[in-house]
Structures are given as structure tokens and as C-alpha cells.
Amino acid sequence: EYFHFFKRFVLATRVSGGISKAMFDGENPSRFLLGGTNGDFRYFFLPYFNDPSFKTNYFSTLEMPLRGYTLAGANPGGSTHFALSNIEFRFPFVQNINFAFPFRFQLYYLMGALFWDAGAAWDDPAVFRGIRGEPGSSSFTFDGIKSGIGGGLRLNLFGALVIKCDRALRLGSDHVVEDYISLGAEF
């Protein structure tokens with residue numbers, strides 16, 4: 001869903017989820033892999049996964065964006081259930097930039113973005129705990145939920161393609177920073 005403010009400010013939200021079950025007594029339910037962002041240049045020239053097995057490559061689905069993690073890094077083995085949410089605030093950053101050397105050209109509408117992505121993947125719903133807290137305490141921690149916050153710049157090319165440069169901080173016990181340069185449409 002998109003909420004527009006003052007013509008150029010946008011709050012974009014997205015929620016997705018899925019369940020995969022083996023059919024007809026089969027052994028291979030689809031596996032959902034969380035992490036990374038669509039069109040990341042780091043993965044254009046690499047094999048789809050570092051795991052070349054038939055099962056991983058043909059019975060799995062990448063669910064993105066979950067920035068703060070590498071491609072499929074939030075749950076490397078994949079899971080049969082997933083939930084993913086994204087909130088992104090997009091705003092004008094620079095209206096235009098004029099370059100004169102080595103040749104003349106202009107860049108229009110460099111946009112900024114602030115985002116929070118959160119997702120979880122699990123196999124057994126009875127065992128999964130997204131949030132952990134002490135009884136009687138008001139504090140809690142994310143247990144099975146992976147999330148990242150960050151910001152970035154967007155440059156629209158030819159009206160259809162967007163070059164995105166993002167920096168995300170992984171939230172949780174290990175605060176890792178991931179940088180992304182990607183080409184593709186916004187969610």
C-alpha cells in the first residue's frame with residue numbers, strides 16, 4: 001500500500017507470507033529463503049546459491065527484501081513457513097544535478113529512503129517463538145524474527161528502472177552493516 005504526502009513523499013508498506021506443504025506424500029515442500037534485496041549486483045554473476053543441489057535450486061523461493069542480511073542469509077537452510085513486512089519512507093533528496101566534465105549531463109530526482117524490514121521463517125509453528133520475554137517483565141527481544149533498518153538513495157532511469165544504493169543495519173544480537181547496490185523496480 002502507498003500513502004502519498006505533499007506530492008513527492010511516500011510511505012510504502014508491504015506484507016507477505018507463505019506456507020508450503022508436501023503434496024501427495026511427497027518429500028520436497030518448497031523452501032522459503034529470506035534475506036537480501038532484489039537485483040543486488042553482488043549476485044548477478046554468482047551461481048543462484050552456493051549450494052548447487054537440485055533440492056535447493058528447484059524447490060526453494062527467495063523472499064525479499066530483507067535488508068540487513070545477505071542473499072538467503074536470514075535462514076540459510078530455508079523453511080516451509082515465512083512472514084515478511086517492509087515499511088519504507090521515500091522522499092525527495094536532490095531535485096537535479098548538473099555535470100559539465102568530462103561531458104554535460106544531468107541527473108534528475110535523486111530520492112532518499114528510510115526503511116525497516118522484518119521477517120521470520122520457520123518449519124514447525126508449534127515450536128516457533130517470534131518474541132521472547134520474561135513473565136511479568138515489560139522487556140522483550142526478537143527471538144525468531146529477523147529485522148534490519150537503514151536508508152538509501154534512489155535514482156530513476158528512463159522511468160522504469162531504479163538504481164538503489166542502500167545501507168542496512170541488522171538488528172538483534174549481532175549488529176552487522178550490509179551495503180546494497182541494486183537495479184530494479186521498487187516494491
Side-chain angles (χ1 to χ4, degrees), residues 1-19 32-46 48 61-75 81-121 130-131 138 140-142 144-172 174-187:
E1 181 113 19
Y2 297 96
F3 303 97
H4 296 270
F5 307 97
F6 308 111
K7 289 188 179 181
R8 295 210 176 268
F9 296 87
V10 176
L11 181 67
T13 61
R14 177 179 175 264
V15 176
S16 63
I19 298 172
F32 300 109
L33 299 158
L34 298 178
T37 189
N38 300 335
D40 191 341
F41 285 128
R42 290 183 289 181
Y43 306 114
F44 276 160
F45 304 106
L46 294 177
Y48 192 62
T61 305
L62 289 170
E63 298 300 333
M64 299 183 261
L66 182 54
R67 291 162 286 199
Y69 292 86
T70 58
L71 183 72
N75 64 330
H81 300 72
F82 88 95
L84 181 62
S85 68
N86 310 100
I87 299 173
E88 188 168 294
F89 178 65
R90 301 171 186 161
F91 55 91
F93 191 68
V94 174
Q95 187 165 353
N96 64 28
I97 301 172
N98 296 318
F99 293 93
F101 184 80
F103 51 89
R104 299 182 72 114
F105 67 98
Q106 292 181 326
L107 298 176
Y108 294 100
Y109 301 115
L110 185 63
M111 301 292 288
L114 299 173
F115 56 82
W116 178 42
D117 299 334
I131 297 174
S138 61
F140 66 90
T141 59
F142 290 126
I145 297 174
K146 312 291 185 181
S147 67
I149 60 170
L153 297 174
R154 302 331 187 214
L155 179 62
N156 193 326
L157 298 175
F158 316 116
L161 294 176
V162 179
I163 292 180
K164 299 177 274 187
C165 298
D166 290 331
R167 174 164 268 204
L169 173 67
R170 182 183 308 169
L171 299 177
D174 54 340
H175 297 291
V176 176
V177 174
E178 287 283 337
D179 293 314
Y180 305 95
I181 299 175
S182 55
L183 177 67
E186 299 277 18
F187 70 82

So, taking the atom named NZ in Lys164 and the one named CG in Leu153, what distance separates them when rounded to the nearest 0.5 Å?
13.0 Å

Rounded at 0.5 Å granularity, tell me how far CZ in Phe9 sits from NE2 in His4.
13.0 Å

Beyond-backbone contact of Gln95 with Tyr109, side-chain heavy atoms, under 4.5 angstrom
yes

Is it the case that atom CD1 in Ile181 sees more than 12 heavy atoms from other parts of the structure closer than 6.0 Å?
no

Parallel, tilted or perpendicular: which describes the rings of Phe32 and Phe82, with under 30° parallel and over 60° perpendicular?
tilted

Pair Arg154 + Asp166, salt bridge at N-O below 4.0 Å
yes

Take the angle between the ring planes of Phe93 and Phe91 and call it parallel below 30°, perpendicular above 60°, tilted in between.
perpendicular

Is it the case that more than 12 heavy atoms not belonging to Phe6 sit under 6.0 Å from its CZ atom?
no

Close side-chain approach of Tyr69 to Val176, heavy-atom, < 4.5 Å:
no

Counting only heavy atoms from other residues, nucleotides and ligands, does the tally under 6.0 Å from CZ of Arg167 exceed 12?
no

Less than 6.0 angstrom from the centroid, inside 45 degrees of the normal: does Arg90 satisfy that with respect to the ring of Tyr2?
no

I want to check something: taking the side chain as every heavy atom from C-beta on, are Asn86 and Phe115 in contact at a cut-off of under 4.5 Å?
no

If we ignore hydrogens and angles and just use 3.5 Å, is the side chain of His175 paired with the main-chain N or O of Arg170 as donor and acceptor?
yes

Taking all atoms of both residues into account, what is the closest heavy-atom pair of Gly68 and Ala168, and its distance?
N-CB, 3.4 Å

Rounded to the nearest 0.5 angstrom, the CZ-CZ distance for Phe89 and Phe3 is 13.0 Å

If you measure from CG on Leu84 to CG on Leu66, what distance do you get to the nearest 0.5 Å?
6.0 Å

Return the CG to CG distance between Leu183 and Leu155, rounded to the nearest 0.5 Å.
10.5 Å

Worked check of side chain to side chain contact (heavy atoms under 4.5 Å, CB included) between Lys146 and Leu34:
CA-CA 9 Å; Lys146 312 291 185 181; Leu34 298 178; 5.8 Å; no

Kindly indicate, with the supporting measurements, whether the criterion side chain to side chain contact (heavy atoms under 4.5 Å, CB included) is fulfilled by Arg14 and Glu88.
CA-CA 9 Å; Arg14 177 179 175 264; Glu88 188 168 294; over 6 Å; no

Has Asp117 got a side-chain atom pairing as donor or acceptor with Gly148's backbone, closer than 3.5 angstrom?
no

d(Ile87 CD1, Leu11 CG) to nearest 0.5 Å is 7.0 Å

